[in-house]
There are 2 protein chains.
Amino acid sequence: MAYFDSASSAPLHPVAHEALRAALDEGWADPARLYREGRRARLLLDAARETAAEAVGCRPDELVFTPSGTYAVHAGMAGALAGRRRVGSHVVVSAVEHSSVLHAGHTRVTDRDGAAVTEVAVDRTGAVSPDTYAAALRADTALACLQSANHEVGTVQPVAAVAEVCRAAGVPLLVDAAQSLGWGPVDGGWSLLTASAHKWGGPAGVGLLAVRKGVRFAPQGPVDERESGRVPGFGNLPAIVAAAASLRAVRAEAADEAARLRVLVDRIRARVPELVPDVEVVGDPVRRLPHLVTFSCLYVDGETLLHELDRADFSVSSGSSCTSSTLTPSHVLRAMGVLSEGNVRVSLPSGTAGAEVDRFLEVLPGVVARVRETLGAPVVRTESAGADGAPSLVVDALGKLCPIPVIELAKVIGDVPVGGTVTVLSDDEAARLDIPAWCEMRGHEYGGRDGTSFLVRRLV
Amino acid sequence: MAYFDSASSAPLHPVAHEALRAALDEGWADPARLYREGRRARLLLDAARETAAEAVGCRPDELVFTPSGTYAVHAGMAGALAGRRRVGSHVVVSAVEHSSVLHAGHTRVTDRDGAAVTEVAVDRTGAVSPDTYAAALRADTALACLQSANHEVGTVQPVAAVAEVCRAAGVPLLVDAAQSLGWGPVDGGWSLLTASAHKWGGPAGVGLLAVRKGVRFAPQGPVDERESGRVPGFGNLPAIVAAAASLRAVRAEAADEAARLRVLVDRIRARVPELVPDVEVVGDPVRRLPHLVTFSCLYVDGETLLHELDRADFSVSSGSSCTSSTLTPSHVLRAMGVLSEGNVRVSLPSGTAGAEVDRFLEVLPGVVARVRETLGAPVVRTESAGADGAPSLVVDALGKLCPIPVIELAKVIGDVPVGGTVTVLSDDEAARLDIPAWCEMRGHEYGGRDGTSFLVRRLV
């Protein structure tokens, strides 16, 4: 069984396992108590905080432990926004942030007084530019947020440069380092930083929130004395101990492991397009996380692809619309403007063997071919004369979900002459992304959308 | 080493240890994922929810897991209040609720539009009466909260009767069952229920929130799909599995263990006042938790007592002001109007041996005597004539902390004739509770307080 989805949750690192086991025996008491068991718990908590702070690159009293990375993001954003209430309530985020950041931003909009969120666009690799960030900052901007690296496509963001832009504007920057903290500290002058232990091989139930001294911060929600008043409730000390110990352990292995996994990911990046026709590998090929690669396969539906890979003993995830309960494609892929259908994210856990990657490359082409072969839903096809007199076709894919509209488009494009048009009727959300992406991949002209009607002109 | 503070945090139950270990191997993946590891995690999560729901006495889809009991209380109160926003924002709580309930109530007052909290008084045993609750409910009451049993003195509250009163008024009742859920389900028609796994021997990092079908509930904070949209963030599945398994295990042992511990606690309740002079045992002697007993020792400061008991290998906690960072006595003892100085809470973990309790009873009298002996701060003492011409004394204990004001009062009461008065000058917060409590214990008349001046009339 090859688990290739460490970006969702990494298997528990052996050091985390050991530390957790030890801390279950030593660290179950309340660290706020004065008796022996409490003092012992306090020592464990203090040591864990020092270890984590060293890995983050902050002072121990700047760091608190939270119940999850999402909690750290929510508490960090809420506290930073409240701390700067007098400045304003405008929030700047990248369009490809984790949903916890986007949801926390948008909660401000609905729950408070006229707050607004600006989503900074990304380029086709998924990266923001410092200039775009600078342009988004306003006099009433209370907080800017930027991930250290993207969780779906692995692209590393220019955090240090954006931090500089924010510093110049006097706006604090919150960096969501969930995907990268195991690989190394986040450079640059960030103001707040969040992370999640189960992403680096630590246990579930532990997030980190670091708030630099001098950053205005007003914890929200009911008062509680624990974790500097920033995280209410009895802490999960055994898991915190395991999180800190495993962070130190993965950091010690990070340079070697990153170099090794980078080679494996490069192999996937290079070989998949050679082995599988009609594939787009997305994300920055160089400025990227070492262990993560994402590609999309035309004419394939993500859910079936995931099931077939699972049957072949590979666990991966997908940003395709058809694998999500909302039937909308990943907001990351949408913001990048890249193909979303047949999307596969491979994120290799530490220790992944090269042979497992080779087996994946062996299995993938057959799996994709089989899924493509079985797809072929019937559609109504009508010939008519185009507005410019050129031969044209209309493909009615209304009510059909991804990847059917693109499949039907591809089937008929050869039936119109070069210069001719195909109009695809589709009410599938994914079509807005995938029809233009298909045009770009196949060298045709995308003529735009009018309601549920997509115009494509054959060029080759 | 005898750990007698299970009401703070219980040592991990062996079943929790085993289940956690197993779930660390089986349940680290994301239960929302479609591949094998995700499906396995989902099965574990579903089974844990069914187990926990059965123990709570609710439907599995009425129960979500939270990162702590405090989180469950905060999320439960916030969601219930938001769900009844149109009715009003008045909250009724007992005066002896856990701080998480009181803080969440008071957050409403400060953060929102004119919400108000009514704290229902308790009797000298710490119990509320359904009539008082009924009187506190108003047309704009959005939520009532009542603990199943008090965490400091063990008194069991009349939840079923209060639930009936709330039902009649159409007000939902949230029951904080943190201290009692391991002993049995909460009877009566509660609307919401919260609990905390580490109180019953489960791991830290898991709380429960049950919301009955039909109760209006609007989750607050940023949107997230997990746990029915009520608890954002990646769940702590191994701990959840261990929490559910240990809840089932402690329930299976509960009847026998409760009977056994009840005998040990009765022994403490009976013997401590015989062995130690000037002690008040507080809380209801019958309607109480099986494992918990609290008493207060005159002329002793709680922190020194705790340290001395710790040196004698007993871990207990205290509601005395001197053991708290705020220098105010426990709000529970204050609401009950009982002595707070020299306060000791003994809460026996499951499996506590009778011999350990006997050793505690052997050790305690000597410890209290030694602490009393070493206490004796100098105070200014002035003789003067009382307003009614009776001999009187003034004891200046300004700037002195608990238990000094009461010690100095006790030292001089014999120096005035019966009918004479002692005026104690004290700016210690605890004196407001402890001087009247001392009067009641010693049969003197408490004449009231004027600023920092407390009047005591000798009667015996």
Side-chain angles (χ1 to χ4, degrees), chain A residues 1 3 5 8-12 17 20-21 24-25 28-30 33-38 66-71 74 99-100 103-107 111 196 198 203-207 220-225 232-239 303 306-307 309-310 313-317 323 325, chain B residues 1 3 5 8-12 17 20-21 24-25 28-30 33-38 66-71 74 78 99-100 103-104 106-107 111 196 198 203-207 220-225 232-239 303 306-307 309-310 313-317 323 325:
Chain A
M1 193 70 202
Y3 179 77
D5 196 22
S8 284
S9 190
L12 206 61
H17 219 299
L20 187 57
R21 194 188 313 246
L24 285 173
D25 294 331
W28 49 269
D30 185 344
R33 296 291 174 183
L34 302 172
Y35 44 68
R36 190 166 312 193
E37 296 86 348
T66 67
S68 68
T70 291
Y71 191 104
H74 291 174
S99 58
S100 60
H103 289 157
H106 288 295
T107 298
D111 281 14
S196 174
H198 76 107
V206 183
Q220 297 301 286
V223 176
D224 192 284
E225 290 173 4
F234 190 81
N236 189 351
L237 183 53
E303 183 160 355
L306 254 55
H307 280 306
L309 284 169
D310 179 49
D313 283 347
F314 290 99
S315 300
V316 299
S317 74
T323 52
S325 54
Chain B
M1 194 68 203
Y3 179 78
D5 196 24
S8 284
S9 190
L12 206 61
H17 218 301
L20 187 56
R21 195 190 312 249
L24 285 172
D25 295 331
W28 49 269
D30 185 344
R33 297 292 175 183
L34 302 173
Y35 43 68
R36 190 167 313 194
E37 296 87 348
T66 68
S68 67
T70 292
Y71 191 104
H74 292 175
S99 59
S100 59
H103 289 157
H106 288 295
T107 298
D111 280 15
S196 174
H198 76 109
V206 182
Q220 296 301 286
V223 176
D224 193 283
E225 289 173 5
F234 190 81
N236 189 352
L237 183 54
E303 182 159 355
L306 254 54
H307 279 308
L309 284 170
D310 180 47
D313 283 347
F314 290 99
S315 300
V316 299
S317 75
T323 52
S325 54

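By convention in this document, chain letters (A, B, ...) are assigned in the order of the sequence lines, proteins followed by strands, and residues within each chain are numbered from 1. The structure presented is a predicted model; accordingly, all values stated were derived computationally and were not measured.
Proximity of A:L24 to B:R21: side-chain heavy atoms (C-beta onward) are nowhere separated by under 4.5 Å. Within the 4.5 Å cutoff, side-chain heavy atoms of B:F234 are placed close to those of A:S9. Taking the side chain as every heavy atom from C-beta outward, B:L306 and A:R33 never approach each other to under 4.5 Å.
Distance check, rounded to the nearest 0.5 Å: CG of B:D5 to CG of A:D30 gives 8.0 Å.
Interface remark: of the candidates B:L20, B:T70, B:N236, B:N236 forms the most heavy-atom pairs closer than 4.5 Å to chain A. When the candidates B:S317, B:S196, B:P222, B:G235 are compared by the number of heavy-atom contacts under 4.5 Å with chain A, B:P222 comes out ahead. The choice from B:L237, B:D313, B:L309 that makes the most heavy-atom pairs within less than 4.5 Å of chain A is B:D313.
Of the two parts of B:V206, neither the backbone nor the side chain holds a non-hydrogen atom closer than 4.5 Å to a non-hydrogen atom of chain A. Contact annotation for B:S315: both backbone and side-chain heavy atoms come within less than 4.5 Å of a heavy atom of chain A.
Heavy atoms only, all atoms of each residue included: B:R36 and A:D310 are closest at N-OD1, 3.1 Å. Considering every non-hydrogen atom in both A:S68 and B:P232, the closest pair reads OG-O, 4.5 Å.
Taking the six-membered ring for Trp and the full ring otherwise, the centers of B:Y35 and A:Y3 sit less than 6.0 Å from each other.
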